[in-house]
Number of protein chains: 2
Amino acid sequence: MPLDLKANEMKRVDELIGKRRKVVRGERLFQSGDKFNSLFAIRTGFFKTHTSTEDAREQVTGFQMAGEIIGLDGIVSDRHTCDAVALEDAEVCVMPFDRIEELSREITSLQRHIHKIMSREIVRENGVMLLLGSMNTEERLAAFLFNLAKRLQARGFSPSELVLRMTREEIGSYLGMQIETVSRTFKKMSVDGILEVNGRHVRIVNIDALTKMMEQKK
Amino acid sequence: MPLDLKANEMKRVDELIGKRRKVVRGERLFQSGDKFNSLFAIRTGFFKTHTSTEDAREQVTGFQMAGEIIGLDGIVSDRHTCDAVALEDAEVCVMPFDRIEELSREITSLQRHIHKIMSREIVRENGVMLLLGSMNTEERLAAFLFNLAKRLQARGFSPSELVLRMTREEIGSYLGMQIETVSRTFKKMSVDGILEVNGRHVRIVNIDALTKMMEQKK
DNA sequence: CGCGTCATTGATGTGCATCAAGTGGTGTGG
DNA sequence: CCACACCACTTGATGCACATCAATGACGCG
């Protein structure tokens with residue numbers, strides 16, 4: 001999201017996001033129970049976040065790519081309530097939340113920016129609830145791919161050539177379906193001429209059919 | 001959540017929440033597409049929020065009771081993205097968001113408070129995603145009732161005597177299940193001696209069994 | 001280049017949706 | 001004040017979408 005600042009403000013925001021941290025593939029940026037100190041802005045790489053229950057059940061709650069913010073879950077209780085795992089080597093900006101609050105008291109546009117980021121996450125999760133609560137498996141996978149494509153496009157990548165960074169299992173967890181069902185649904189969509197699927201390489205052949213598939217009647 | 005203020009701060013926050021609005025049962029407090037101006041704090045009554053798609057599909061995204069805040073979805077795009085409907089006659093405080101931001105630039109504890117409210121909503125939605133994505137119908141209903149009971153208890157009501165303000169259909173929409181399944185699951189839990197169910201009057205007889213039911217293995 | 005992880009594919013089972021019918025409670029108008 | 005209509009809910013019968021079980025195939029990377 002855009003955030004226009006005056007030169008002197010820019011400088012102060014820059015120093016806020018000065019510290020960097022590298023996270024190698026498979027490593028956790030934070031995990032449930034960790035003390036919350038900072039938000040993280042992804043510079044490069046790809047993450048998943050997931051919650052887990054005592055009985056070892058896991059639910060992937062989101063996939064995040066460059067330019068997105070993770071860690072918002074930690075604010076409410078000063079502890080993180082989910083895990084963030086790098087799905088490929090990544091680098092993040094560490095943004096101490098105290099400093100964010102301090103600065104956003106002075107820089108109105110930053111304050112608004114933070115609020116929008118949090119609101120956007122709420123709206124995003126509303127969308128996932130809609131997906132999980134009322135769509136069948138085909139619609140879910142279509143919505144998932146469409147969303148990925150849009151985000152890649154916004155970053156200047158091709159919206160039709162996707163390289164999935166997550167396993168079928170992680171997709172399944174996110175979409176509330178079993179790994180075999182994910183696989184079969186990919187197959188069906190490729191038989192139907194909507195996708196070309198080759199492992200983690202997915203090409204969207206018919207974007208119109210894909211969008212229609214998201215809103216098919218039950 | 002607690003919010004301790006000095007006397008002069010208190011006064012200013014008080015005037016922020018000065019304006020009231022009554023919403024009769026069935027009426028919408030706001031709906032998708034409405035311009036976003038204010039957050040709403042529920043003084044009395046009970047609400048549901050739901051999203052809808054073009055193809056008329058609806059998903060209840062939450063039920064809110066006295067003391068809770070609604071409208072956070074509107075911040076990101078300056079428009080509401082869901083509907084808020086009163087399930088019983090209600091009164092809310094109208095809190096202009098501009099004023100909230102203004103004040104929270106001056107009152108640090110208010111600023112933190114707002115951030116926590118938004119983060120809490122994010123965490124709550126994570127929980128719903130877990131529920132929708134990985135629990136069976138019994139577990140979902142158990143989790144739903146347990147959550148309601150906790151919130152009522154926090155407000156000084158009995159945690160075992162519930163009067164549901166929503167229909168079976170609304171419960172079903174929230175939990176991603178059909179109305180008949182909601183009904184049958186209530187029945188089963190009452191046969192199992194966990195609940196006593198009489199229409200919208202529900203008594204939790206065996207809270208231990210209820211909590212165990214939330215974490216049964218798949 | 002071999003081994004383990006990830007993905008595919010087929011066969012079978014089942015939890016929940018769907019279809020269908022009926023009950024009870026509540027408000028309304030004759 | 002009763003009869004009717006309407007709505008929310010329940011209950012039973014049936015079907016299907018997706019889970020589960022099982023086996024094999026194909027990478028990717030160390």
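Here is how names work: the chains are called A, B, and so on, in the same order as the sequence lines, proteins then strands, and each is numbered from 1. Predicted model only: the values in this text are computed from it and were never measured. Because only heavy atoms are used, hydrogens play no part in the values below, and waters and symmetry mates are left out as well, while side chains stay in.
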Give the rounded distance in Å between these two atoms: [atom1] of [X] and [atom2] of [N].
{"X": "B:I171", "N": "D:dA8", "atom1": "CD1", "atom2": "P", "result": "13 Å"}
{"X": "B:N136", "N": "D:dT20", "atom1": "CG", "atom2": "P", "result": "10 Å"}
{"X": "A:L175", "N": "D:dC18", "atom1": "CG", "atom2": "C1'", "result": "14 Å"}
{"X": "B:E170", "N": "D:dC7", "atom1": "CD", "atom2": "P", "result": "15 Å"}
{"X": "B:M177", "N": "D:dC9", "atom1": "CE", "atom2": "P", "result": "13 Å"}
{"X": "B:R200", "N": "C:dT26", "atom1": "CZ", "atom2": "C1'", "result": "12 Å"}
{"X": "A:R168", "N": "D:dG28", "atom1": "CZ", "atom2": "P", "result": "12 Å"}
{"X": "A:Q178", "N": "D:dA22", "atom1": "CD", "atom2": "P", "result": "15 Å"}

- prompt: Hey, does A:G172 reach any base, or is it just sugar-phosphate, or nothing, if we go heavy atoms under 4.0 Å?
  reply: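 No contact.
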Between [X] and [N], is there a side-chain N or O to OP1/OP2 distance below 4.0 Å?
{"X": "A:K187", "N": "C:dT8", "value": "no"}
{"X": "B:T137", "N": "C:dC16", "value": "yes"}
{"X": "A:T181", "N": "D:dC18", "value": "no"}
{"X": "A:T167", "N": "C:dC6", "value": "no"}

Establish whether the base of [N] is bridged to the side chain of [X] by a donor-acceptor pair shorter than 3.5 Å.
{"X": "B:E180", "N": "D:dC9", "result": "no"}
{"X": "B:E169", "N": "D:dC9", "result": "no"}
{"X": "B:R184", "N": "C:dT18", "result": "yes"}

Short side-chain donor-acceptor distance under 3.5 Å, A:Q59 and A:H50: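 Side-chain D/A pair, A:H50 to A:Q59: absent.
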Can you classify the ring geometry of B:F40 versus B:F30 as parallel (below 30°), tilted (30 to 60°) or perpendicular (above 60°)?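 Judged by the thresholds at 30° and 60°, the geometry between B:F40 and B:F30 is parallel.
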